[in-house]
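Report on the structure given below.
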Amino acid sequence: MCGITGWVSYQRDMTAQDRILREMTETMSCRGPDDQGVWTAHHAALGHRRLAVIDLPGGTQPMQVDTPDGPVAMVYSGEAYNYTELRAELRQRGHRFDTDSDTEVVLRGYVEWGEAVADRLNGMYAFAIWDSRTEKLVMIRDRMGIKPFYYYETDDGVLFGSEPKAILANPLAEAVVGSDGMREIFASAKTPGFAIWEGMRELQPGHLAVVDRNGLRERCYWRLEVSEHTDDEQATAAHVRELLDDIIGRQLVADVPRCALLSGGLDSSAMTALAAQQLGAKGETVRSFAVDFPEQAENFQAIEVAPTQDTPYVHAVAEHVASDHSDIMLDGASLADPAVRRAAVASRDFPVGMGDRDNSLYLLFRAIREQSTVALSGESADEIFGGYPWFHNDRQRYADTFPWLVDSPLFSMEVLDEQTRRKLDLPAYIADHYRSALREAPLKDSETGLEKRMRQVCYLHLTRMVQTLLDRKDRLSMAVGLEVRVPFCDHRLVQYVFNTPWSLKTFDGREKSILRAATRDVLPASVADRKKSGYPGSFDPNYLAAIQSQARELFSANHEVLEFFDRDSLKTATETTGDAVTTAQRNGIERALDIAAWYDLRKPTLKLD
């Protein structure tokens with residue numbers, strides 16, 4: 001796992017741009033704390049920060065392979081979980097390897113198959129290859145978009161990076177956020193390919209882009225497709241289990257300490273139990289970590305997406321699978337620390353407004369990193385198997401918008417002032433993108449009624465919502481040099497479950513029926529039957545009081561971002577006490593603080609039409 005960046009220019013000598021390239025590379029030192037490297041040719045420069053996970057001495061980058069027609073060089077972030085099989089195939093084709101790293105397998109795979117190497121990879125990856133034989137740059141991103149990849153076209157080439165901050169470190173890139181960028185900040189529905197910064201694009205999941213003297217061309221090499229599902233209930237559960245066993249076995253491969261993120265929900269518990277089973281067969285014990293808060297039992301307030309506390313279920317799983325378990329306790333003072341908020345916002349280059357949930361995830365990852373380098377996460381199972389409450393509520397799933405925005409306090413516009421609301425016109429923006437997403441959704445001619453609608457709802461989650469969560473997971477974990485792997489995002493599992501009829505996904509009248517059936521045998525009954533409960537927030541009253549005080553400081557300083565907010569509404573939220581503070585008010589405070597921190601860090605030029 002790493003941070004990559006680069007610069008291609010057909011009108012410059014890139015060997016003279018070493019200083020700027022190093023500055024771009026250094027912005028991602030957190031993503032790669034173990035090593036750094038740069039590579040330059042006449043028209044291309046590549047930068048790399050390394051987090052060593054596989055073949056610690058041999059996987060240094062940028063990596064180069066010499067061919068009779070010239071060198072081919074690559075910077076690579078991620079893991080190819082099928083690299084062992086690919087290496088064997090390439091050896092049969094005459095390739096000789098100098099390292100045991102998956103990086104070299106991917107690079108030599110490109111030399112052998114060209115851009116079609118993307119079709120052969122199983123994993124999470126974002127990489128760029130400079131092919132001096134044809135003077136072209138090839139940029140490839142994994143099918144589900146687990147690893148980030150951004151690019152910025154210039155007059156004579158392109159800048160690219162794992163994160164926007166790497167691109168913005170180049171003087172050719174301007175830190176400008178226009179109206180659409182601001183809309184994306186407040187919309188709570190990520191638009192594929194859209195980067196907040198003007199002139200910048202995000203390489204879409206399952207896409208590759210080629211840059212040569214004729215410009216840049218992006219194309220799709222993988223997308224969700226419809227196919228006939230012929231397995232019955234029992235066979236479907238058995239195949240899901242077979243896939244999960246294979247996926248988790250592959251994703252446990254590492255030359256550094258590994259662990260599992262355990263929340264006590266079905267997804268993370270099933271993943272942890274299967275990991276424990278596989279490691280146990282080798283005489284190893286799985287490590288597990290969970291987040292918790294002091295006095296959470298006394299302060300906890302049940303909400304629809306988090307109706308129960310995690311801790312009792314976490315401990316039940318840890319005992320059941322005999323994991324080496326640790327609870328990471330986070331108090332209100334730590335969560336409210338402005339330095340923590342700045343670190344979380346800086347990692348994302350984008351003020352999402354998740355507040356304490358981003359802060360706590362950052363602190364959780366930071367604590368885990370002290371003991372482990374790789375963590376497995378249950379992220380995205382809800383999107384794949386249909387776990388959220390709105391999958392099962394007619395009013396939300398049939399709403400003429402993204403289902404997760406119905407009644408969502410994160411999408412409350414009351415925090416914005418009237419002029420900003422009028423300029424942004426968020427309802428129209430979201431409606432346009434919703435209709436665009438629906439047009440993309442693949443459908444079977446035979447599907448009607450509920451089956452058709454749930455195919456659409458699942459597609460919306462797998463192409464829009466999951467991108468927000470994967471980006472969050474990657475940025476906050478890599479900000480502390482922790483590699484988080486997401487077994488449920490294996491494209492084979494995603495494609496198979498996408499084509500499983502909704503009636504099968506809910507055959508027992510509950511959410512995630514197939515996953516429950518596939519893994520019940522390795523779980524405590526209490527966890528197998530637990531209702532979906534989302535990532536926990538802190539209910540510490542000291543945290544609320546602290547962020548209210550910090551928001552009042554924005555008023556004292558007359559901070560620039562206040563021009564976008566309804567000052568009266570926000571001021572009322574800072575003065576309301578205790579349980580009288582509504583979820584929307586609290587989220588408004590969080591959003592204001594996040595945007596203020598982002599503005600102070602990035603100093604963007606904001607242009608509202």
Which pair of heavy atoms, one from [X] and one from [Y], lies closest together, and at what distance?
| X | Y | answer |
| --- | --- | --- |
| M271 | G378 | SD-N, 3.7 Å |
| G249 | Q278 | CA-OE1, 3.0 Å |
| V226 | L443 | CG1-N, 4.0 Å |
| L593 | A551 | CD2-N, 3.8 Å |
| S288 | S323 | OG-OG, 2.8 Å |
| D358 | R348 | OD2-NH1, 2.7 Å |

side-chain hydrogen bond (donor to acceptor under 3.5 Å, both in side chains) between D292 and T311, intermediate numbers included: CA-CA 7 Å; D292 201 1; T311 303; 2.9 Å; yes

Using a 4.5 Å cut-off on heavy atoms from C-beta on, say whether the side chain of [Y] contacts that of [X].
| X | Y | answer |
| --- | --- | --- |
| I595 | F186 | yes |
| D356 | E590 | yes |
| V317 | Y313 | no |
| V484 | L482 | yes |
| F365 | K473 | yes |
| T463 | Y459 | yes |
| Y81 | I247 | no |
| S269 | T272 | no |

How many angstroms lie between atom [atom1] of [X] and atom [atom2] of [Y], to the nearest 0.5 angstrom?
| X | Y | atom1 | atom2 | answer |
| --- | --- | --- | --- | --- |
| L470 | D474 | CG | CG | 8.5 Å |
| I196 | E202 | CD1 | CD | 9.5 Å |
| S503 | E233 | OG | CD | 10.0 Å |
| K532 | R510 | NZ | CZ | 13.0 Å |
| Y388 | K512 | OH | NZ | 8.5 Å |
| M465 | L405 | CE | CG | 9.0 Å |

Please confirm whether the backbone N or O of [Y] pairs with a side-chain atom of [X], one donor and one acceptor, at under 3.5 Å?
| X | Y | answer |
| --- | --- | --- |
| N82 | L121 | no |
| D324 | R287 | no |
| S334 | L330 | no |
| H392 | G386 | yes |
| Q550 | A336 | yes |
| Q548 | T576 | yes |
| S372 | I368 | no |
| D540 | N542 | yes |
| Q467 | M144 | yes |
| D142 | N122 | no |

Take S513 and T506 through the test side-chain hydrogen bond (donor to acceptor under 3.5 Å, both in side chains) and record every step on the way to the result. CA-CA 5 Å; S513 306; T506 56; 5.5 Å; no

Might you work through the side-chain contact (heavy atoms from CB on, under 4.5 Å) test for F385 and V497, ending with a clear yes or no? CA-CA 7 Å; F385 289 96; V497 178; 3.8 Å; yes

If we check salt bridge (charged side-chain N to carboxylate O under 4.0 Å, His left out) with E79, which of these qualifies: R250, R485, K147?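 Testing E79 for a salt bridge (charged side-chain N to carboxylate O under 4.0 Å, His left out) against R250, R485, K147 leaves exactly one candidate, R485.
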
Pair L376, R258 - check side-chain contact (heavy atoms from CB on, under 4.5 Å), show working. CA-CA 8 Å; L376 269 62; R258 302 147 298 176; 5.5 Å; no

Any chance the rings of [X] and [Y] have centres within less than 6.0 Å?
| X | Y | value |
| --- | --- | --- |
| H433 | F402 | no |
| H229 | Y496 | yes |
| H325 | F289 | no |

Salt-bridge criterion met for E163 and K165 (N-O under 4.0 Å):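 Here E163 pairs with K165 in a salt bridge, since their nearest N and O are under 4.0 Å apart.
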
Quick one: do D267 and R516 make a salt bridge, cutoff under 4.0 Å?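 Salt bridge between D267 and R516, a charged N being under 4.0 Å from a carboxylate O: no.
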
Around atom [atom1] of [X], are there more than 12 heavy atoms from other residues, nucleotides or ligands closer than 6.0 Å?
| X | atom1 | answer |
| --- | --- | --- |
| E440 | CD | yes |
| R492 | CZ | yes |
| K444 | NZ | yes |

Would H461 and F391 satisfy side-chain contact (heavy atoms from CB on, under 4.5 Å), going step by step from the backbone distance to the final call? CA-CA 10 Å; H461 281 78; F391 275 95; 3.6 Å; yes

Kindly determine whether R341 and D337 satisfy salt bridge (Lys or Arg N to Asp or Glu O under 4.0 Å), including the steps that lead there. CA-CA 7 Å; R341 186 179 300 274; D337 185 348; over 6 Å; no

Take E451 and K505, measure what salt bridge (Lys or Arg N to Asp or Glu O under 4.0 Å) needs, and give me the verdict at the end. CA-CA 11 Å; E451 283 292 342; K505 290 178 185 174; over 6 Å; no

Can a donor-acceptor pair be found between the side chains of S263 and S268 at a distance below 3.5 Å?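 Yes - a donor-acceptor pair under 3.5 Å links their side chains.
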
Assign the ring pair F127 / Y76 to parallel, tilted or perpendicular, where the plane angle (0 to 90°) is split at 30° and 60°.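 Ring orientation, 0 to 90° scale: tilted.
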
Where does the angle between the aromatic ring planes of W222 and H491 fall among parallel (under 30°), tilted (30 to 60°) and perpendicular (over 60°)?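 Perpendicular: the ring planes of W222 and H491 meet at over 60°.
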
Please walk me through it: do Y125 and R143 pass side-chain hydrogen bond (donor to acceptor under 3.5 Å, both in side chains)? CA-CA 9 Å; Y125 46 84; R143 294 170 177 84; 3.3 Å; yes

Who are the side chain to side chain contact (heavy atoms under 4.5 Å, CB included) partners of D521, not counting sequence neighbours?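 For D521, the residues satisfying side chain to side chain contact (heavy atoms under 4.5 Å, CB included) (neighbours in sequence not counted) are R241.
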
Establish, yes or no, whether the cationic atom of R455 lies under 6.0 Å from the six-membered ring centre of F498 and within 45° of the ring axis.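 Yes, R455 sits over the ring of F498.
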
Taking the six-membered ring of F149, is NZ or CZ of R141 closer than 6.0 Å to its centre and within 45° of its axis?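 The answer is no, since R141 fails at least one limit relative to F149.
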
I would like to know whether T191 and E184 meet side-chain hydrogen bond (donor to acceptor under 3.5 Å, both in side chains); could you show each step before the answer? CA-CA 8 Å; T191 305; E184 199 73 10; 3.1 Å; yes

